[in-house]
Amino acid sequence: MKISTKGTYAVSIMTEIAKNENSFTTVSVLSSTTGFSEKYLEQIVSKLLKAKLLLSFRGSNGGYKLAKHANEISVGEILRATEGNMKSVSCMEEGAACDLASKCLTVNVWAGLNKVVNDYLNSVSLDDIVNKKIKVNN
């Protein structure tokens, strides 16, 4: 599984918005803060709005705001909104048909990998990122 720039940028911009959770943030502010192009950010924001992770407000004081509190939005939700399927191998995708599935000895390896990755991504919230609560064990 490889997460695209769309996914990593989405996590970054959601983190920027979470840092100012009580105010609205515009795409131009996000662009200047992150260095990402406004056009690309608009595409990402569109996916986050569709997934109901962001709220949009028009007008001179408008912009984007988190749809829920930062501690209620996981990295997993953000990545699924922008990346879609988060499966490690194609045979694990919804509706995938593999002629070897009944004989495959490795299917549980891929299912276990998917579980570990998704459990981790679902356990990390925007609040965890903003408040630097993520610890990596080496």
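Numbering of residues begins at 1 and proceeds along the displayed sequence.
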- [ ] Determine the minimum heavy-atom distance between Thr82 and Ala10, stating which atoms define it.
- [x] CG2-CB, 3.5 Å

Open item on the list: Checking Glu83 against Ser4: is there a side-chain donor and acceptor pair closer than 3.5 Å?
Closed with: yes

Open item on the list: Using 0.5 Å steps for rounding, measure from the CG atom of Leu121 to the CZ atom of Arg80.
Closed with: 8.0 Å

TODO: Could you tell me whether the side chain of Ile13 reaches within less than 4.5 Å of the side chain of Leu48, counting heavy atoms only?
DONE: yes

Task: Counterpart residues, side chain to side chain contact (heavy atoms under 4.5 Å, CB included), relative to Leu49 (two or more places apart) - done: Val45, Leu54, Ser56, Tyr64

Open item on the list: How long is the straight-line distance from NZ of Lys68 back to CD of Glu77, given to the nearest 0.5 Å?
Closed with: 3.5 Å

Atom pairs and distances, donor-acceptor, side-chain atoms in residues 16-30, under 3.5 Å, two or more places apart:
{"unit_1": "Glu16", "atom_1": "OE1", "unit_2": "Lys19", "atom_2": "NZ", "d": "3.3"}
{"unit_1": "Glu16", "atom_1": "OE2", "unit_2": "Lys19", "atom_2": "NZ", "d": "3.2"}
{"unit_1": "Glu21", "atom_1": "OE2", "unit_2": "His69", "atom_2": "ND1", "d": "3.4"}
{"unit_1": "Glu21", "atom_1": "OE2", "unit_2": "Ala70", "atom_2": "N", "d": "2.9"}
{"unit_1": "Ser23", "atom_1": "OG", "unit_2": "Asn20", "atom_2": "O", "d": "3.3"}
{"unit_1": "Thr26", "atom_1": "OG1", "unit_2": "Ser28", "atom_2": "OG", "d": "3.1"}
{"unit_1": "Thr26", "atom_1": "OG1", "unit_2": "Val29", "atom_2": "N", "d": "3.1"}

Open item on the list: With a 4.5 Å cut-off on side-chain heavy atoms, are Val75 and Asn122 touching?
Closed with: no

TODO: Output every pair passing side chain to side chain donor-acceptor pair (under 3.5 Å) with a member in residues 33-48, not counting sequence neighbours, ordered by first then second residue.
DONE: Thr5-Tyr40

Task: Any Leu55 side-chain heavy atom under 4.5 Å of Phe57 side chain - done: yes

Task: Polar side-chain atom of Ser125 near backbone of Asp128 as donor-acceptor pair, under 3.5 Å - done: yes

TODO: Say whether Asn131 and Asp127, considering side chains only, have a donor N or O and an acceptor N or O under 3.5 Å apart.
DONE: yes

- [ ] Kindly compute the distance separating OG1 (Thr15) from CG (Leu126), expressed to the nearest 0.5 Å.
- [x] 5.0 Å

Task: Side chain to side chain, Leu53 and Leu66, heavy atoms closer than 4.5 Å - done: no

Task: Check: Asn114 side chain, Ala111 main-chain N or O, donor-acceptor pair, under 3.5 Å - done: no

